[in-house]
Protein chains: 2
Amino acid sequence: MATPQPTFTQLRALVGVADHRHFGRAAAALHVSQPTLSSAVAALERTLGVQLVERTTRSVLLTGVGEQIVARARGVLGAVDDIAEVAVRARAPLTGDIRLGVIPTVAPYLLPRLLPTLRGRWPQARLRLREAQTATLLAELRGGALDLALLALPNDEPGITEIPLYDEDFVLVIPAEHPLAGGSAVPVAALAGQDVLLLEDGHCFRAQALDVCQEAGARERATLRAASLSTIVQMVAGGLGLTLLPAAAVGVEVGEGRGLAVATFSRPVPHRRIGLAYRATSARVVDWDLLAQEVRAALPGTDLELCPVPAGNPG
Amino acid sequence: MATPQPTFTQLRALVGVADHRHFGRAAAALHVSQPTLSSAVAALERTLGVQLVERTTRSVLLTGVGEQIVARARGVLGAVDDIAEVAVRARAPLTGDIRLGVIPTVAPYLLPRLLPTLRGRWPQARLRLREAQTATLLAELRGGALDLALLALPNDEPGITEIPLYDEDFVLVIPAEHPLAGGSAVPVAALAGQDVLLLEDGHCFRAQALDVCQEAGARERATLRAASLSTIVQMVAGGLGLTLLPAAAVGVEVGEGRGLAVATFSRPVPHRRIGLAYRATSARVVDWDLLAQEVRAALPGTDLELCPVPAGNPG
DNA sequence: GCGTTGCCATAGATCGAGGCTATCAAACTT
DNA sequence: AAGTTTGATAGCCTCGATCTATGGCAACGC
């Protein structure tokens, strides 16, 4: 407390000198005069009580402490830029490109509801969609190729924040003549001994459904792994077995007059949680909260259960 | 660039208001007058072009953007405090408590060399030692219970930085009457079919030695897992098998006249790398570099190979 | 070896950001 | 309705960041 804290300008000066290894050029790059920059660095060294830069008339180089402090100063300056960015984004909420990745077992069932709502309420938002499996989405999110991912939670990825959106029950889809057809409180154990058709490897819904099957003692027809839920439902209609669908997919995939029936499970009903994921460092958290509201707003009329809105986010 | 950047003072003001939810008390806590603080927050809102605080005469609360920016501002202010801390540490290098964790297969062989050197050259440093296995040390490091850990590299822990110190060959320890006794270029494959004694689970050296054994086709005497290298060497002397030691342990553990012999491997000689690990965010990186030099300085006279000093660190 | 050149530090003047005191305006209390 | 609490505004002042001009020092050329 006795020591005055470094100034913002001083940190910028130090980083400039570190970048250019030359006071004159650094000063030019920062649009200040060379003496100004010189005294700024000197002042920083005085307040910190440590030599940061070794000056000779021929070369400028950093001391060990200097390196350390430059690294932290870069972080500080970057964070301040972020603050400005957050503010700019907030001034124009939900505008510009939004690179959204969606898992294949959600995309075809949620997007047709979401897109019209969004276009109506936020015409400035340009959604760039990408459909891929969870692992791919998370990698692209982390690498900055995506802004947002819509997928099953939780993923427990460090540095990734998740917004829960809704819980989606698993529903049994079976041939119409099957004994379970139309059941409304089928225990999971009723799957014992049944042939269940599942997605191919890599889909998170495959793993979730497989869990249910293994608990119940059902068999997977491993020779018939499909690339999409549509394909699987066709195969069920063809009498090759039965399958599980996430509730949102039922309306689209199970039409009338195709020889298909559904059945719902008894409690505890197997289900999955769908939500948004974004980099915890994202400058557009406010945008993502707004988008989450839009997804929730797109849901009524379905039998999906909304997740409670976390405190602090306007509902 | 058109928008002026936020000031430190302004950020501090905002965080103060967020903490106290009251302008008057926040001003008192920051040792400024209430109007000063008021105008600082107002100025910040003006430069960012966004309302951050909702004021009524009865209560003060943050907007959504406000929350976001407060969180980032805290980070910025914390980082600036860190910068000051780095400088203070650098002004008084290697002083105060250093909580150092060491793995059990290094501690008894390195510390007796290190401690006297360190006490001589850095009398102000107070080393608090802790001996534990790698997993424990890394957890304590991460949690802040340790400042530093001396262990085998690499660990590839995110957020943990490692300084390589030296490479240490593995040496074969055998009964004196064993055919391999005194060998100086024994191929690893010569271990095939031998009974090898290893440490109990959890020691990194156990895993490393086990790798060598499995490659060579040696058997582990699994019923005889020991808690320390000393114990193992006693068991070798008792004729129960042979073992591997890290080179630094040989001088201490294998004395004269105990019926023990050593043998060195032919190339590629199995070995491990020992180094220091610390939180990447540590404010005392300069200290840790100095300490690394001390460890290296303590080594000459042994047959351990020093690792090259990374560029930028004074050697 | 001596002048030239490049480069960083110092000096002194200027101007604006941020600080303070005094006062106002609004809203809740009694 | 008067008082109290609390944040905003006004006006003044101080200090620090910036500028131009100049000084000092080391390396290089001829």
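Just so it is clear: chains get the letters A, B, ... in the order the sequence lines come, proteins before strands, and each one is counted from 1.
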Inset, instruction - Indicate the ring-plane relationship of B/Phe8 and A/Phe8, choosing parallel, tilted or perpendicular according to the 30° and 60° boundaries. - result: perpendicular

Integer-rounded Å distance: [N] [atom2] and [X] [atom1]:
X: B/Phe8; N: C/dG19; atom1: CZ; atom2: P; answer: 14 Å
X: B/Gln10; N: C/dG19; atom1: CD; atom2: C1'; answer: 13 Å
X: A/Leu44; N: D/dA17; atom1: CG; atom2: P; answer: 11 Å
X: B/Arg12; N: C/dG19; atom1: CZ; atom2: C1'; answer: 14 Å
X: B/Leu14; N: D/dG7; atom1: CG; atom2: P; answer: 14 Å
X: B/Leu37; N: D/dT6; atom1: CG; atom2: C1'; answer: 13 Å
X: B/Arg55; N: D/dT6; atom1: CZ; atom2: P; answer: 16 Å

Legend entry - Side chain of A/Thr7 - closest among D/dA17, C/dG18, D/dG7: D/dA17

Legend entry - For A/Leu153 against A/Ile274, the heavy-atom pair lying closest together: CG-C, 4.3 Å

Legend entry - Taking every non-hydrogen atom, the tightest pair across A/Ile163 and A/Ala292: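 What the structure gives for the nearest pair is CG2-CB, 4.0 Å.
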
Inset, instruction - For B/Arg89, enumerate each residue passing the side chain to side chain contact (heavy atoms under 4.5 Å, CB included) test, keeping only those at least two apart in sequence or located in another chain. - result: B/Glu85, B/Arg284

Legend entry - side chain to side chain contact (heavy atoms under 4.5 Å, CB included) partners for A/Leu61, two or more places apart: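 Partners of A/Leu61 under the side chain to side chain contact (heavy atoms under 4.5 Å, CB included) test: A/Arg21, A/Glu54, A/Ser59.
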
Legend entry - DNA chain C contacts among residues 22-36 of chain A, heavy-atom distance under 4.0 Å: A/His22, A/Phe23, A/Gly24, A/Gln34, A/Pro35

Legend entry - Result of checking A/Arg130, A/Arg128, A/Arg99 against A/Asp147 for salt bridge (Lys or Arg N to Asp or Glu O under 4.0 Å): A/Arg99

